[in-house]
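In what follows, a single structure is set out as structure tokens and then discussed.
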Number of protein chains: 2
Amino acid sequence: MQPFLSDERRPLYEVKANLFKGLAHPVRVRILELLSAAGEVTVAELISETGLEASHMSQHLSVLRQHHLVLADRRASQVFYRLAYPQVADLLRVARILLAEILETTHDRLVSTINLPSLEPETAR
Amino acid sequence: MQPFLSDERRPLYEVKANLFKGLAHPVRVRILELLSAAGEVTVAELISETGLEASHMSQHLSVLRQHHLVLADRRASQVFYRLAYPQVADLLRVARILLAEILETTHDRLVSTINLPSLEPETAR
DNA sequence: TGATTGAATGATAGATTCATCAAGTCGTCA
DNA sequence: TGACGACTTGATGAATCTATCATTCAATCA
């Protein structure tokens with residue numbers, strides 16, 4: 001495993017693919033969205049919000065930390081997480097825009113597939 | 001496997017994670033970047049550009065198609081690929097911006113780690 | 001101090017993804 | 001037609017990732 005970007009000679013597309021790997025899990029996306037919305041959240045809140053087992057949550061948070069996507073700091077007995085950069089939220093936003101486009105197009109295609117090749121004559125109308 | 005977004009009741013963060021999965025491989029990022037830059041590229045060009053084995057390239061192209069990220073069309077004996085949506089290029093761009101930010105911060109931290117806790121007195125200068 | 005709660009780490013089996021090779025499809029052209 | 005070039009699909013072992021359980025660490029408080 002080498003989710004780090006330490007090696008500056010690594011081609012950009014590898015580093016970029018690596019970033020996407022860090023985002024490639026529903027739980028991690030969910031975490032980042034919660035942090036985007038709330039600014040700062042404790043692990044306990046993340047757990048109750050997602051229903052995940054604590055150690056499982058910790059593992060995903062660890063992945064996000066290794067990818068430099070979130071920052072943690074401990075205050076008293078709790079650990080608070082937040083986005084490491086506002087650009088992380090930008091990335092999620094742009095992804096959502098792309099998905100909206102894809103879903104719309106796919107939906108349209110589906111609808112026209114249903115409507116056009118019908119062998120029956122239009123009923124009523 | 002279900003890289004499709006057919007199920008509209010699926011929570012958005014799952015669909016989003018799935019999108020990122022489609023992007024989570026250096027070869028696929030590379031392909032998308034080539035398509036972003038050139039508009040339209042044949043499989044043969046992608047192969048010679050990346051040095052990949054044909055079947056391997058095909059598999060990655062298949063993943064990208066399933067994720068609705070690229071479109072293929074056959075003209076004569078060759079198959080041309082292009083981005084399915086300009087927003088795909090946007091996503092790559094935003095990722096690059098985020099990475100630049102991360103790399104800069106990481107680099108700065110590294111430099112200050114090297115400079116500050118030095119026990120030696122500054123040499124010459 | 002010892003017990004308790006919040007969180008991280010280690011270990012591991014099961015699931016997914018990747019790279020490679022063999023085989024198949026589709027179009028062109030001799 | 002049939003042989004070749006351009007791709008795609010299928011199958012498979014190796015590598016990676018995920019979910020779960022057990023253990024450990026860190027801070028609070030009785």
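In what follows, every chain begins at residue 1, and chains take the letters A, B, ... in the order their sequences are listed.
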For DNA chain C, what is the dot-bracket line, given that a base pair needs Watson-Crick (N1 to N3, plus N6-O4 or O6-N4) or G-U wobble (N1-O2 and O6-N3) geometry with both distances under 3.5 Å, and | means paired with another strand?
||||||||||||||||||||||||||||||
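When all heavy atoms are compared, the tightest approach of A/Ala95 to B/Phe20 is CB-CZ, 3.7 Å. Closest approach of B/Ala72 and B/Arg65 over heavy atoms only: CB-CD, 4.3 Å.
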Please walk me through it: do A/Glu40 and A/Arg75 pass salt bridge (charged side-chain N to carboxylate O under 4.0 Å, His left out)?
CA-CA 12 Å; A/Glu40 205 174 45; A/Arg75 297 211 278 284; 2.9 Å; yes
Tell me, with the steps shown, if B/Glu14 and A/Arg30 meet salt bridge (charged side-chain N to carboxylate O under 4.0 Å, His left out).
CA-CA 8 Å; B/Glu14 278 193 20; A/Arg30 189 86 198 286; over 6 Å; no
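Distance A/Asp73 CG to D/dA26 P: 17 Å, rounded to the nearest Å. As a whole-Å value, the separation of B/Leu52 CG from C/dC18 P is 12 Å. In this structure, A/His60 places its NE2 atom 9 Å from C1' of D/dC17, rounding to the nearest Å. Taking atom NE2 on A/His25 and atom C1' on C/dA15, their separation rounds to 11 Å, with Å as the unit. Remark: C1' of D/dT28 and CZ of A/Arg75 are 17 Å apart, rounded to the nearest angstrom. To the nearest angstrom, C1' of D/dA22 lies 10 Å from CD of A/Glu53. When rounded to the nearest whole Å, the span between CD of A/Gln66 and P of D/dT18 equals 12 Å. Across the protein-nucleic acid pair, B/Leu64 atom CG and D/dT8 atom C1' stand 15 Å apart, rounded to whole Å.
Note that OH of A/Tyr85 is 6.5 Å distant from CD of B/Glu101, once rounded to the nearest 0.5 Å. To the nearest 0.5 Å, the span separating CD on B/Gln87 from CG on B/Leu83 amounts to 10.0 Å.
Geometrically, B/Arg74 does not engage B/Phe80 in a cation-pi contact defined by less than 6.0 Å to the ring centre and at most 45° from the axis.
For A/Val94, the side chain to side chain contact (heavy atoms under 4.5 Å, CB included) partners are B/Asp90, B/Leu91, B/Val94, not counting sequence neighbours.
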With the sugar-phosphate defined as primed atoms, P, OP1 and OP2, and the base as all remaining atoms, what B/S/- string results for nucleotides 4-10 of chain C, 5' to 3', for protein heavy atoms under 4.0 Å?
--SSBB-
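Ring geometry for A/His25 versus A/His60: interplanar angle of 30 to 60°, hence tilted.
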